[in-house]
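Before anything else, here's the structure in question.
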Amino acid sequence: MAQTKFDKQLEEAADSLVRGIARVLAGRDLDGVKRTDATFWRAGTRILPKVEGRVPRRSYQAGWRRLSFRLALGAGVAESGYLAGRDPNATVENAQELWDSREQALVMLEGGGIGAACVLTAGGAAYMPLTRERRELMREWVQPLHDAIHRPLGLAEQTDPRRYLHVPKNFSDDDAEIRIDLPRHLGFSRDVVADLITQKLALQGVTFDWHPEGRKPYVRVKKTRKPPAKALFMDPKTRELVAKAKESAPIIGIGAGGQIVSVDLDAQSPHILVNASTGGGKSVTLRCIACQMLHHGSRVIVLDTKRISHPWAHGIDGVTYCRDVADIHDQLIALGQEGRRRTHIADDLGIDADPKAIGPRLLILLEEVNATMKMLARYWEKIRESGEAKVSPAVDALNEILYMGRQLRMHVLLVAQSATARALGGPEVREQFSTRILARYSVNAWRMLAPEVHPAPKSTKHHGRAQVVSGGSARETQILFFTEAEAREWATTGKTATDSPAPVPVQLHKPSADTPSSTGELPPASEPPTDEDRSADARNPATASGELATDATAPPATPVPAVVDDDQAVGLREAAEHHLPGITLAALRFARANDSTFPAPAGKRGAELLYRVGDLEKWARNRPRAATGTTDLD
């Protein structure tokens with residue numbers, strides 16, 4: 001039987017009624033259009049694609065909220081209808097009575113209307129100023145920010161910005177916090193979004209804390225509290241903090257909120273990399289750390305091809321200062337020997353031994369690694385013979401120290417203007433520096449040395465300001481500033497290097513003249529090194545010799561018999577005339593009286609003191625003077 005038109009209309013009406021009831025109970029829009037990503041239990045945060053026109057605020061509400069409102073409204077209407085239907089006569093009588101006394105009713109309505117109008121006027125007058133700041137915030141900042149980032153985030157333009165942009169009225173204050181809800185697909189560029197946020201909100205010095213996990217990803221934007229403008233050691237409070245610092249954790253500087261920034265060389269990072277351009281405070285940073293270590297009895301070896309980076313350390317007990325590339329080469333080989341010696345001692349002592357029994361802590365300051373590595377390569381190319389390894393044994397010794405420095409209490413503070421993998425000897429070498437101090441850095445330098453911290457904080461030219469990167473986070477730090485006089489005074493007080501407890505003597509093999517002693521120093525050589533000896537030692541790391549640390553309190557060297565040729569023991573006059581061109585006799589006598597690094601006499605001839613030519617030549621190469629290059633290569 002054919003279906004009539006009435007039957008079709010009846011079916012359509014029934015279907016529409018069923019659909020309407022389902023939409024009411026589901027808390028959806030009655031027209032059936034889904035405009036936001038709201039569900040029955042969760043409020044919406046964004047508009048769905050291809051939705052046009054203005055989206056009402058109720059479309060963002062969760063379905064259960066809309067259902068509750070509809071049920072409450074329906075219950076109110078039903079209750080009114082029920083009361084009216086229960087006593088229709090009373091309703092008619094009330095209407096008749098109201099009509100009879102309509103004048104009084106009009107007077108009452110007039111008074112009530114005036115009262116209601118007054119209430120509405122007062123409420124509106126109070127509402128406008130109370131919400132003025134919020135409305136200005138929406139108009140001046142939130143809505144423009146939404147217009148800028150909705151497309152990079154992949155959100156519809158009709159999305160209500162109040163649903164995902166949580167910007168407080170005081171967002172420019174130091175302790176303010178901005179939260180932005182992110183789409184779950186995360187298909188956007190963090191750099192682009194972060195840059196748009198800082199530009200549209202006129203923010204400076206902020207950090208972005210990204211939380212992409214879970215079903216509600218978000219990013220938190222906070223202004224970073226700046227470190228102090230200066231951090232001076234002369235400040236009594238700062239001096240007290242330095243005095244209380246652990247021996248293995250020297251203070252690097254002061255961070256935001258007056259927080260101390262330090263790195264524990266035993267527990268956190270055995271080596272530290274300092275990367276900065278010219279004038280970035282590299283030597284100041286090393287001076288800050290080195291003088292604190294000397295104060296606690298550590299020994300410091302300065303490898304400085306610039307020759308003048310640390311004049312404050314010249315002549316201090318426990319400091320060995322190498323300025324010439326040949327001596328830096330020999331010193332690195334000797335340090336590699338010391339590392340292997342300490343490895344054998346640690347193996348014999350066992351796991352329960354006191355780490356200090358291995359020997360005093362050694363701090364190696366390697367200045368300007370970019371230039372130093374090139375000079376070491378050139379020096380080795382000059383002295384090596386055919387068939388020998390192309391890589392300098394000094395570079396190999398440095399790599400050994402970097403790989404095993406923590407357990408052996410040997411730490412490297414490396415300075416570079418550009419710490420590329422090529423300059424350091426490979427990317428695996430650079431990874432040994434888990435703490436990195438960056439100042440006046442470029443974007444490429446940050447991506448190379450601290451890619452785990454993203455986005456990169458803006459570099460600043462503020463004197464003494466640096467970023468200390470450790471454990472996947474960067475802390476803006478004002479480096480602690482020691483003047484040269486303060487650094488020397490602090491390094492020469494407290495526990496000196498000679499007071500460090502000697503390691504437990506363990507006889508590993510028969511000691512020889514070129515084997516380091518148990519105190520970490522190499523004994524005097526039976527013969528002073530010549531150029532041929534130096535070349536032979538450089539080619540064979542196992543027989544290289546070098547001094548690990550100077551010690552002014554050590555007894556004078558035992559006089560040795562005079563030898564002939566260039567290694568003979570000579571007086572100062574003969575040395576000035578025949579062996580040390582460019583240095584006058586007066587300068588030698590002045591240095592003997594005032595320079596604590598001047599070599600000890602090797603013997604006596606009547607009343608005249610004799611010195612070994614090799615010792616005098618080594619002193620001449622490493623004496624403080626202008627940075628004009630190296631004696632061997634020039």
Side-chain angles (χ1 to χ4, degrees), residues 145 148-149 151-153 178 180 182 186-212 219-227 252-253 255-256 261 263 269 271-286 368-371 373 413-479:
L145 177 61
I149 70 171
R151 187 171 287 106
L153 288 178
I178 302 172
I180 298 177
L182 304 174
L186 300 178
F188 55 88
S189 171
R190 291 188 180 184
D191 288 338
V192 173
V193 173
D195 186 57
L196 290 174
I197 292 173
T198 54
Q199 290 186 35
K200 299 304 292 185
L201 297 183
L203 299 175
Q204 291 183 351
V206 294
T207 58
F208 290 82
D209 188 12
W210 300 88
H211 294 269
V219 58
R220 183 183 290 112
V221 186
K222 297 182 64 176
K223 293 192 69 174
T224 55
R225 301 178 63 185
K226 293 294 183 181
I252 298 176
V261 179
V263 177
S269 175
H271 312 297
I272 299 176
L273 170 64
V274 181
N275 185 93
S277 60
T278 302
K282 300 183 293 293
S283 297
V284 171
T285 304
L286 265 64
E368 299 298 345
V369 69
N370 298 87
M373 289 297 185
L413 270 66
L414 187 144
V415 176
Q417 289 193 10
S418 180
T420 61
R422 180 179 179 181
L424 300 181
E428 65 279 0
V429 176
R430 191 170 58 194
E431 292 302 317
Q432 303 305 313
F433 297 93
S434 55
T435 296
R436 303 166 184 182
I437 303 175
L438 290 86
R440 296 191 181 183
Y441 48 85
S442 64
V443 176
N444 290 334
W446 185 271
R447 291 175 178 173
M448 177 177 59
L449 298 176
E452 68 275 16
V453 180
H454 188 80
K458 185 178 180 181
S459 179
T460 176
K461 293 184 178 180
H462 185 92
H463 289 293
R465 190 63 55 85
Q467 295 284 347
V468 179
V469 181
S470 180
S473 62
R475 300 180 65 181
E476 189 174 7
T477 304
Q478 184 67 27
I479 301 298

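Along the sequence shown, residues carry numbers from 1.
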Handout entry: Smallest separation among heavy atoms of T477 and P227, with atom names
Key = N-CG, 4.1 Å

Exercise for the section: Taking D209 for its side chain and V221 for its backbone only, find out whether a donor-acceptor pair lies under 3.5 Å. Expected result: no

Problem - Separation of T420 OG1 from L449 CG (nearest 0.5 Å) - result: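 So the CG of L449 and the OG1 of T420 are separated by 9.0 Å.
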
Practice task
Taking the side chain as every heavy atom from C-beta outward, state whether W210 and V193 have any pair of such atoms under 4.5 Å apart.
Solution key: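 Yes; the side chains approach each other to less than 4.5 Å.
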
Practice task
Of all the heavy-atom pairs spanning G255 and V261, show the shortest one and how long it is.
Solution key: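 Distance-wise, the nearest heavy atoms are N-CG2, 3.7 Å.
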
Handout entry: Pairwise distance CD(E452) to CZ(R447) - rounded to 0.5 angstrom
Key = 14.0 Å

Exercise for the section: May I have the step-by-step check of side-chain contact (heavy atoms from CB on, under 4.5 Å) for V274 and F433, ending in yes or no? Expected result: CA-CA 10 Å; V274 181; F433 297 93; over 6 Å; no

Handout entry: For the student: nearest non-hydrogen atoms of W446 and V453, plus distance
Key =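 That closest heavy-atom pairing would be NE1-O, 3.1 Å.
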
Exercise for the section: Answer yes or no: is there a side-chain heavy-atom contact under 4.5 Å between H271 and L273? Expected result: no

Problem - Nearest heavy-atom neighbours spanning L196 and A148 - result: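 The pair with the smallest heavy-atom distance is CD1-O, 3.6 Å.
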
Exercise for the section: Answer whether the closest heavy-atom distance between the side chains of T435 and S470 falls below 4.5 Å. Expected result: yes

Handout entry: Gap separating the OG1 atom of T460 from the CZ atom of R465, nearest 0.5 angstrom
Key =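 Separation between the atoms: 6.5 Å.
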
Practice task
Flag the pair L182 / V219 as yes when at least one side-chain heavy-atom distance between them is below 4.5 Å, and no otherwise.
Solution key: yes

Exercise for the section: Please list, chain by chain and in numerical order, all residues satisfying side-chain contact (heavy atoms from CB on, under 4.5 Å) with S473, sequence neighbours excluded. Expected result: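 Once residues adjacent in sequence are excluded, S473 has no partner under the side-chain contact (heavy atoms from CB on, under 4.5 Å) criterion.
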
Handout entry: Value rounded to 0.5 Å, distance of CD1 in I479 from CD1 in I437
Key =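 Here the rounded value is 5.5 Å.
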
Fill in the blank from the handout: CD of Q467 to CZ of R436, rounded to nearest 0.5 Å, is 14.5 Å

Problem - NZ on K461 to OG on S277, rounded to 0.5 Å - result: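 That separation rounds to 9.0 Å.
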
Problem - 4.5 Å side-chain heavy-atom contact, L145 and I197 - result: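 A side-chain contact under 4.5 Å exists here.
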
Handout entry: Heavy-atom closest pair, residues G280 and A439
Key =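 Reported closest heavy-atom pair: O-CB, 3.6 Å.
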
Exercise for the section: For T285 and S283, indicate whether the former's side chain and the latter's backbone hold a donor-acceptor pair under 3.5 Å. Expected result: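 It does not hold such a pair.
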
Problem - R220 atom CZ, over 12 foreign heavy atoms within 6.0 Å - result: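 Check passes, neighbour count above 12.
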
Practice task
If a pair satisfies salt bridge (Lys or Arg N to Asp or Glu O under 4.0 Å) and one of its residues is in residues 191-207, list it, with sequence neighbours excluded.
Solution key: none

Handout entry: Short side-chain to backbone donor-acceptor contact, N275 and L438, under 3.5 Å
Key = no

Completion exercise
Shortest non-hydrogen pair, Q478 vs H463, comes out as NE2-O, 2.9 Å

